[in-house]
Amino acid sequence: MKKSIRMMDFLYGAMIRLVEDSEPRTSGRQLLAFLAVAQAEADGKSITLSDIRDMEGSKGQVIIGQSIAQTFAMLLDPSDREPRGLGWVRQEPDPDDNRRKYLKLTDKGRALLQSIGGM
């Protein structure tokens, strides 16, 4: 029981920190996409937006879906399209195929995760 209480305290604190550093319109799916990039990086793997869009939950259902493609720009640096971009994630072209873009954490994204004890 104490372990589950500590885990809930951690999750609650982590979500508070993510919400504090995001825009009010940031969705749970966008935060999950950010955490998917962080998890891939922690595992030493590359991940693309297509990988995130197709992620399945424990019951085999797609958990993020197609709509993330339109809203993922919020996690990137500010731009004309998304002036309030959070700057947590950057895109890097695949050296073998410039059409494929890998998602990587920025220093700002890593700092946010460190502040919640996630990296």
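Computed from a prediction, not measured in an experiment: that's the story for all the values here. One is the number of the first residue; the rest follow in order along the sequence.
Residues Gly109 and Phe34 share a closest heavy-atom pair of O-CZ, 3.7 Å. Residue Lys108 comes nearest to Gly87 through the heavy atom pair CB-O, 3.6 Å, listed as atom of the first residue, atom of the second, then distance. The heavy-atom pair separating Met15 from Leu31 by the smallest distance is CE-CD1, 3.9 Å. Minimum heavy-atom separation, Pro78 to Gly85: CG-O, 3.4 Å. Nearest heavy atoms, Asn98 versus Pro93: OD1-CB, 3.7 Å.
Side-chain contact between Leu112 and Arg17: present, with at least one pair of heavy atoms (C-beta onward) separated by less than 4.5 Å. Using a 4.5 Å heavy-atom threshold, the side chains of Leu32 and Ile63 count as touching. Ile64 places a side-chain heavy atom less than 4.5 Å from the side chain of Met55. With contacts defined as side-chain heavy-atom distances shorter than 4.5 Å, the pair Leu103/Leu75 does not qualify. Between Ile52 and Phe72 there is a side-chain heavy-atom pair separated by less than 4.5 Å. Counting only heavy atoms from C-beta outward, the side chains of Ile68 and Gln30 approach each other to under 4.5 Å.
In this structure a side-chain-to-backbone donor-acceptor pair under 3.5 Å is missing from Asp43 to Lys45. Not one N or O on the side chain of Glu92 forms a donor-acceptor pair closer than 3.5 Å with the backbone of Lys101. Between the side chain of Glu41 and the backbone N or O of Ala38, no donor-acceptor pair lies under 3.5 Å.
Between Asp107 and Arg110 there is a salt bridge, with a side-chain nitrogen of the basic residue lying less than 4.0 Å from a carboxylate oxygen of the acidic one.
If you check the side chains of Thr106 and Arg90, you find no donor sitting under 3.5 Å from an acceptor.
For residues 71-85, the pairs satisfying salt bridge (Lys or Arg N to Asp or Glu O under 4.0 Å) are Glu23-Arg84, Arg25-Glu82, with sequence neighbours left out.
Residue Tyr102 is not grouped with residue Leu76 when hydrophobic side chains (ILVMFWY) are merged at heavy-atom distances under 4.5 angstrom, including chains of intermediate members. Under a hydrophobic-cluster definition in which Ile, Leu, Val, Met, Phe, Trp and Tyr are linked whenever side-chain heavy atoms come within less than 4.5 Å, directly or via other members, Ile16 and Leu18 are assigned to different clusters.
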Give the C-alpha distance, both sets of side-chain angles, the deciding distance and a yes or no for side chain to side chain contact (heavy atoms under 4.5 Å, CB included) between Asp54 and Val62.
-> CA-CA 6 Å; Asp54 297 337; Val62 173; 5.9 Å; no

Should Thr26 and Met74 be marked as a side chain to side chain contact (heavy atoms under 4.5 Å, CB included) after you check the CA-CA gap, both sets of side-chain angles, and the distance that decides it?
-> CA-CA 8 Å; Thr26 307; Met74 173 184 265; 3.3 Å; yes

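Interatomic distance, OG of Ser46 versus CG of Asp94, reported as 8.0 Å (0.5 Å rounding).
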